[in-house]
Each structure stands twice: as structure tokens, then as C-alpha cells.
2 protein chains.
Amino acid sequence: MRPTVHDIAAKAGVSLATVDRVLNNRPGVRGVTRDKVERAITTLGYVRDVAAANLAKSRIYPLIFILPEGDNTFMRGLAVEVEAAKVRSAVERTAITVLSVPAFDRAALATALEKARALAPAGVAVVAIDALEVVAAVDRLREDGIAVVTLVSDLPGSSRDHFAGVDNIAAGRTAGTLMGRFLSGREGPVAIVAGSMLVRDHRDRLEGFSAAMAESAPGRRLLPVIEGHDDPAEVENLVSGLVADHADLAGIYSLGAGNRGLIAALEKAGRQADICAIAHELTPHSRAALASGTLDALLNQDAGHEVRSAIRVLKARADGLAVIGAQERIRIEIFLRDNLPVEPA
Amino acid sequence: MRPTVHDIAAKAGVSLATVDRVLNNRPGVRGVTRDKVERAITTLGYVRDVAAANLAKSRIYPLIFILPEGDNTFMRGLAVEVEAAKVRSAVERTAITVLSVPAFDRAALATALEKARALAPAGVAVVAIDALEVVAAVDRLREDGIAVVTLVSDLPGSSRDHFAGVDNIAAGRTAGTLMGRFLSGREGPVAIVAGSMLVRDHRDRLEGFSAAMAESAPGRRLLPVIEGHDDPAEVENLVSGLVADHADLAGIYSLGAGNRGLIAALEKAGRQADICAIAHELTPHSRAALASGTLDALLNQDAGHEVRSAIRVLKARADGLAVIGAQERIRIEIFLRDNLPVEPA
DNA sequence: AGATTTCTGATTTACGTACATCAGAAATTC
DNA sequence: GAATTTCTGATGTACGTAAATCAGAAATCT
């Protein structure tokens with residue numbers, strides 16, 4: 001039978017109250033007594049029953065998620081995952097509020113962070129934009145003792161507690177190596193379509209991709225980066241132009257969202273089999289395109305994992321606990337048509 | 001504030017005892033009363049506090065894991081994950097026993113299953129061998145009302161409740177597509193090294209690989225399958241012979257364990273850069289080989305995920321609850337040198 | 001030595017659910 | 001209408017921890 005606080009009290013020859021003081025390092029215990037209790041704890045191998053402790057505490061964690069608006073599937077999926085977390089909030093003792101802000105709008109994001117600060121939550125998760133005013137807003141939250149986790153896109157210069165997202169340089173490198181190797185024995189330039197160079201994750205992916213391409217396919221020409229602002233219509237326009245202008249185009253790396261536009265452009269031009277296309281994020285559209293062969297590979301970050309990780313970290317930081325880094329690392333998933341998960345994602 | 005059983009009792013105008021009877025469908029409640037209570041439950045949006053419920057029940061789940069012996073890293077890693085689960089058993093209310101059996105020994109496995117049955121646990125997780133006597137032993141467990149989950153390698157003909165492992169046909173296909181595309185523009189045959197054709201997962205991987213190779217690289221010649229019994233020394237011998245015999249060998253797919261031998265053979269022959277090698281399971285050795293370029297790609301199943309999933313499913317089945325299929329699906333991870341996780345795995 | 005401060009113990013209530021017991025009310029049967 | 005049988009209520013205990021209160025013991029200071 002698993003030892004309880006009562007067993008420790010008996011073993012150490014002290015009262016329950018003293019054990020409680022030691023366990024929750026409250027003041028009022030002499031050094032010698034504290035040692036006695038701690039020895040009892042280790043010899044009995046006591047571990048606190050978290051369920052019972054939470055029950056007794058009946059603590060709740062008010063959390064705020066700040067998410068960008070816009071109709072790209074990944075961000076909507078992220079919002080869906082946050083909603084799913086809301087449903088679990090009863091079980092997880094969280095109270096989640098969502099604030100929506102226009103995409104790629106640094107001023108709006110800074111304002112939203114201030115608004116979140118006024119609500120005095122235990123923690124805030126935010127899809128960051130890499131801008132000074134955003135850094136400043138995050139730092140103010142931290143000064144108020146509010147835990148902050150960046151989600152999907154990081155904010156390295158700030159005092160945020162944690163980044164719940166993938167290593168985007170590595171993601172870009174992965175795409176670069178795949179592209180380089182898939183195109184071996186084939187001529188022609190490679191194009192890159194981004195959302196915006198304003199967000200950190202896109203910049204990082206570009207950096208990684210360029211570096212890996214230089215290594216795995218040294219002579220390959222990269223066309224100048226195109227920004228489609230994660231908007232399907234805009235991306236379709238840009239890619240259509242690209243394909244028309246470069247008859248010898250060998251590959252396209254789409255490092256942002258708006259892949260519906262990319263897919264449509266390739267298929268309308270009849271170049272879907274010809275051009276090696278690698279994109280990010282598993283959505284119904286990208287999934288179908290991968291299955292049909294329009295896309296050749298897909299990199300993915302699991303939005304559900306990211307949201308759940310962000311919540312775990314925020315709760316831990318709110319309690320002043322350390323997080324286990326390895327457990328909270330979000331992996332880059334690679335999908336080919338052969339290892340697509342069965343369920344539509 | 002979240003509603004409790006007391007709130008339901010008040011709302012429905014009944015006593016706590018009646019609410020309890022409805023919630024845990026115990027007998028002794030009239031139809032009308034039951035309806036009243038259920039209406040109160042839905043209108044208040046009551047959800048049972050699982051933590052408190054478990055605390056009150058103080059239920060424990062005795063589980064048995066049957067794992068193969070042998071010194072291949074993946075199975076040892078699996079054992080480590082089971083040990084890690086043992087550590088958490090206090091929190092998760094499980095009591096885990098491990099039985100070790102010789103690898104690839106169907107009779108020993110059947111005996112171990114009988115032994116497990118005699119211990120009358122709530123559930124059994126087993127790395128299966130595809131043999132009639134094993135199927136029979138599993139079916140006997142199920143007849144005794146013991147939940148059974150196959151781990152890593154499935155047993156399709158049996159009445160097991162669930163398979164906690166990857167789709168190995170898809171894994172093989174993935175390897176085949178990568179191999180085919182990585183070798184585009186290069187001549188030479190491809191070799192396949194398996195552990196044993198006795199286990200289902202290896203047979204499935206072979207099937208998938210052959211099919212995908214046929215599609216993505218139609219003319220490519222596949223050498224006959226070699227069985228290394230997941231033993232590093234044996235694998236090294238076999239691969240050394242293979243490399244010596246085939247100067248034009250373009251690729252090797254190692255679908256089992258014992259990759260230390262594969263890596264050593266390639267490096268001793270000086271063919272590590274020349275031959276495209278794809279293997280399974282991320283271990284310190286395979287990880288280093290991927291980083292250095294001896295291996296070109298690595299497919300992985302996360303042993304930790306599999307063990308945790310198996311435990312969740314066994315607990316759920318022991319309580320007669322359904323499992324959410326999508327949540328328990330184990331993904332095939334693809335690693336290139338660029339997306340290796342930072343921590344040694 | 002007396003007053004003060006600092007520790008420690010004993011005890012109690014609470015968290016939300018499970019489960020058992022017993023008594024009384026309601027419905028059913030004869 | 002009396003005797004059953006079947007429901008329902010009231011009440012209490014338990015799970016393991018948190019947290020508060022109060023009283024007494026020990027140490028420290030004057």
C-alpha cells in the first residue's frame with residue numbers, strides 16, 4: 001500500500017500538521033524536525049497524490065490564448081484545439097479565454113496583450129509577431145508575475161517562459177534536404193513561397209531551407225522569396241505567375257499557409273506531377289493533394305500537442321514549478337502519401 | 001463554479017443517494033425519477049470529477065507486460081518505458097508486472113500468457129508472435145475477461161482488444177517511397193534485411209516496402225530478403241557479405257533491429273556514403289549514424305507512446321469503456337539528419 | 001525568573017465522489 | 001386493506017491532502 005501523510009507523521013514521530021508544513025515548505029518547523037520528516041519521506045518513498053492534492057486545493061488556472069484571425073486552416077485548427085481544451089477545462093481546472101487579433105498586425109497584438117494583462121490571468125499563450133512593441137508587452141506581463149508561453153511563432157528577445165512550437169530552422173532544413181534529394185538528377189530552379197517575413201517561424205524556415213539546399217544540392221538555383229500572406233487567393237495568383245514565368249521550375253517550397261492556392265495553381269497549370277512541391281501543415285486540402293501526388297511531402301506540427309503543451313507549461317509556471325524540457329518538445333512530423341494518418345486531420 | 005452531485009440533487013429535488021444511483025447506474029431508481037435526475041445533469045452540464053472519483057474508489061489496475069528478451073536496443077527501450085510507467089503507477093493507480101520471454105519463441109510466449117492468466121490481472125500487454133498457440137492463449141485470456149493489447153507486433157486473428165503499434169505496411173511503404181526517390185538517377189539493386197519473417201511487423205514492412213518500391217521505382221531490382229534475427233553480430237556478418245558480393249549495391253532497407261551491425265558493416269567497407277541506407281528505430285547508434293550520413297533516413301515508433309497508449313487502453317477496457325481510436329493511433333515518425341530531436345533518445 | 005517569541009501538536013473542516021446502511025415512503029400484489 | 005415489495009431519503013464513513021485554528025511546549029531574550 002502506498003504511504004500517505006499519516007504514515008510519514010507516524011514514522012517521523014510528528015504530527016500531521018508538521019508533515020504538511022514540510023511538504024509545502026511552510027515556515028514553522030525546526031531544522032532537526034524538518035530533517036526527520038524528510039528522512040521519513042524518502043525511506044517510505046512517499047509521493048504526493050496529485051489528484052487528492054488538487055481536490056483539496058480546488059485551485060483553478062485562468063488562462064488567456066491570443067490567436068490570429070484569418071481563414072487559413074492551420075490557425076483555425078489551432079483555435080479548434082483551444083476550444084477542445086476549453087471543454088476539458090473542468091477536468092484540468094483551467095478557465096480559458098480566447099482573444100482574437102488581426103493576423104500580422106503588431107499594434108493589435110500589443111493591445112491584446114495589454115488587455116490580457118488587465119484580466120490578470122495565471123498565464124497567457126500567444127502566437128507572437130517579432131516586433132519590439134510585442135516584446136515590451138510580453139515583458140510587462142512577466143513583470144506582473146503572469147506566465148507567458150509563445151505558441152507556434154516565438155519571440156526570442158522577450159522574457160517569455162517557454163516556446164510551444166517546433167524548431168523552425170530544423171523544419172526548413174528538413175524540407176531542404178528532402179527537396180534536394182528528391183530532385184537529384186533533375187535540372188531547374190526552386191521557388192519559395194512564404195507568408196510574411198515579419199513572423200519568426202517563416203524567417204527561420206527560410207533560413208533552414210536555404211542552408212540545407214546549399215548542402216544537399218550545391219548548384220541548385222533558388223528564386224527570390226515570394227510573400228503570399230497566408231492567403232489562398234494571393235498565393236494562387238503568385239504561384240500561377242511563377243509557373244508561367246519558369247517553364248523549367250523543378251520545385252516549390254511553401255513555408256507558410258494558404259496551400260489551397262498553391263495546389264490550385266499547380267493543378268490548373270497541369271504541373272502537379274512535374275514540379276516537386278513541399279509544404280507545411282496537414283489540412284484536408286493538403287492531405288488530398290499529398291494523396292493525389294500534387295504535393296510530394298508535407299511537414300506538420302501538431303496543433304493539439306502545442307496547445308496541450310502550452311497549457312501544461314502555463315500551469316506549471318503559475319505554480320512556480322519547473323517544466324521537463326524533453327517532454328514539452330514539439331516534434332516536426334514528415335508526411336509522405338504513404339504514412340498519412342487514416343483519420344482526416 | 002462547476003456543478004457537483006449536491007447541485008444535481010438540489011436541482012432534481014432528490015437526495016444525494018439517488019443521484020449516486022443514477023450516476024453509477026445502480027438499481028433502485030424509478031424511471032421518472034431517473035429522468036428527472038438525468039435532466040438536471042444535462043441542464044447543469046455536470047461532469048464527474050474523475051480525480052475525486054478515483055480517490056474515493058481507490059481502485060488499482062493490476063497489469064502485466066510480456067516483453068521479449070534479447071539485447072536489441074528497441075526492445076530494451078520498450079522495457080525502459082515500462083519501468084518508467086511503473087514509477088508512475090502510484091499516480092496512475094496501476095500495478096505493473098513484467099514477464100520476460102525469449103525472443104521469437106512461440107511456445108515460451110504461449111506459456112507466459114498462461115502464467116499471466118493465472119495471475120488474474122485486469123489487463124495484459126504483449127509483444128505478439130504470429131502463431132496459432134499464441135492466438136489460442138490470448139483468446140483464453142479474453143474469455144476470462146482480461147483485457148489484452150498487442151504491443152509493437154499485432155496478432156490479427158486473435159480476439160485482442162487493441163493493437164498499440166504502428167501500421168507496419170504503411171511504414172514499409174514510406175521506406176519504399178523514400179528509397180525510390182532518394183535513388184532516382186542512380187543504378188543498382190536494393191537489399192532488404194529483416195529480423196524474422198515469423199513476426200507480423202516485419203512481414204508487413206516487407207510487403208509495404210516492396211509495393212511502394214514497385215510504384216516509385218518500377219525497374220529497380222530487389223535482392224532476396226536476409227534474416228538477421230535482430231542480432232547485431234549476425235546482421236553485421238550478413239551485410240558485410242552482401243556488400244562484398246554486390247559492388248553496385250545502391251540501397252539497403254533494414255526493417256528489423258540490430259542496426260549496430262548494419263552500421264558497422266557499412267563503415268568498415270567504406271560504403272557508408274555510397275549506399276542509401278534506411279532503417280528503423282531511433283537509438284543512440286542509429287542516431288549517430290544518421291547524423292554522420294551512414295544512414296539516410298530512419299523510421300521510428302515512439303516506444304513511450306506505445307506503452308502509455310497500451311496502459312490507457314487496458315485501463316479503459318478493464319472498466320468496460322470505449323477507447324477513442326484516433327487518440328490511440330501511433331504515428332510513424334520519419335527522421336532525417338535535419339529533424340533529429342535534440343535530446344538523445 | 002519572568003516575559004516573549006518561535007516552534008510543534010492536536011484537531012477540525014473541506015474538496016467531490018463512492019459506497020454502505022437503515023428507515024421510511026410509495027407502489028404493487030393478494 | 002393488509003402485506004409485500006420496490007423505491008427513495010437521510011446519514012455516515014472513506015479516499016489523501018490542504019489549510020486553518022488554538023493550545024501547549026520549547027527556546028530565546030531581558
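Below, read A as the first sequence line, B as the second, and so on, with proteins coming before strands; counting in each chain starts at 1.
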Sorted by position of nearest nucleotide on DNA chain D, 5' first, the leading residue of K57(B) and V29(B) is V29(B)
Requested in this report: State plainly whether the residues E83(A) and K86(A) are in salt-bridge range, i.e. N to O under 4.0 Å.
Outcome: yes
Residue pair L55(B)/R30(B) against DNA chain C: nearer the 5' end by closest nucleotide is L55(B)
Quick note, S15(A) side chain, CB onward, closest among dA10(C), dG16(D), dT8(D) is dA10(C)
Taken to the nearest whole Å, CG/N25(B) to C1'/dC7(D) is 17 Å
Check: Contact class for R26(A) (heavy atom, under 4.0 Å): base, sugar-phosphate, or nothing?
Finding: sugar-phosphate
Looking only at dA18(D), dG9(C), dT17(D), the nucleotide nearest the T4(A) side chain is dT17(D)
Full working for salt bridge (charged side-chain N to carboxylate O under 4.0 Å, His left out) between D161(A) and R142(A): CA-CA 8 Å; D161(A) 293 275; R142(A) 294 285 298 112; 3.3 Å; yes
Without hydrogens or angle criteria, can the side chains of D139(A) and S159(A) be said to hold a donor-acceptor pair below 3.5 Å? yes
Separation of dA18(C) atom P from N54(B) atom CG, nearest Å, is 9 Å
D49(A) atom CG is separated from dG16(C) atom P, nearest whole Å, by 16 Å
R21(B) atom CZ is separated from dA10(D) atom C1', nearest whole Å, by 10 Å
Original post:
Counting any heavy atom closer than 4.0 Å, what does G31(A) reach on the DNA or RNA strands: base, sugar-phosphate only, or nothing?
Top reply: nothing
Heavy-atom nearest nucleotide on DNA chain D taken for L23(A) and for V19(B); more 5' hit belongs to V19(B)
The single option from V152(B), T73(B), N72(B) that satisfies side chain to side chain contact (heavy atoms under 4.5 Å, CB included) with L78(B) is V152(B)
Separation of dG12(D) atom C1' from H6(B) atom NE2, nearest Å, is 12 Å
- Query: Distance only, no hydrogens: is a donor on one side chain within 3.5 Å (strictly under) of an acceptor on the other, for E333(A) and Q301(A)?
  - Reply: no
L16(A) atom CG is separated from dC15(D) atom P, nearest whole Å, by 13 Å
note: N24(B), atom CG; dA20(C), atom P; distance rounded to Å ~ 11 Å
Out of dT17(D), dG9(C), dA10(D), minimum distance to the side chain of A17(B) belongs to dA10(D)
By the 4.0 Å heavy-atom rule, please label A53(B) as base, sugar-phosphate, or nothing.
sugar-phosphate
To the nearest angstrom, the CZ-C1' distance between R48(A) and dC15(C) comes to 15 Å
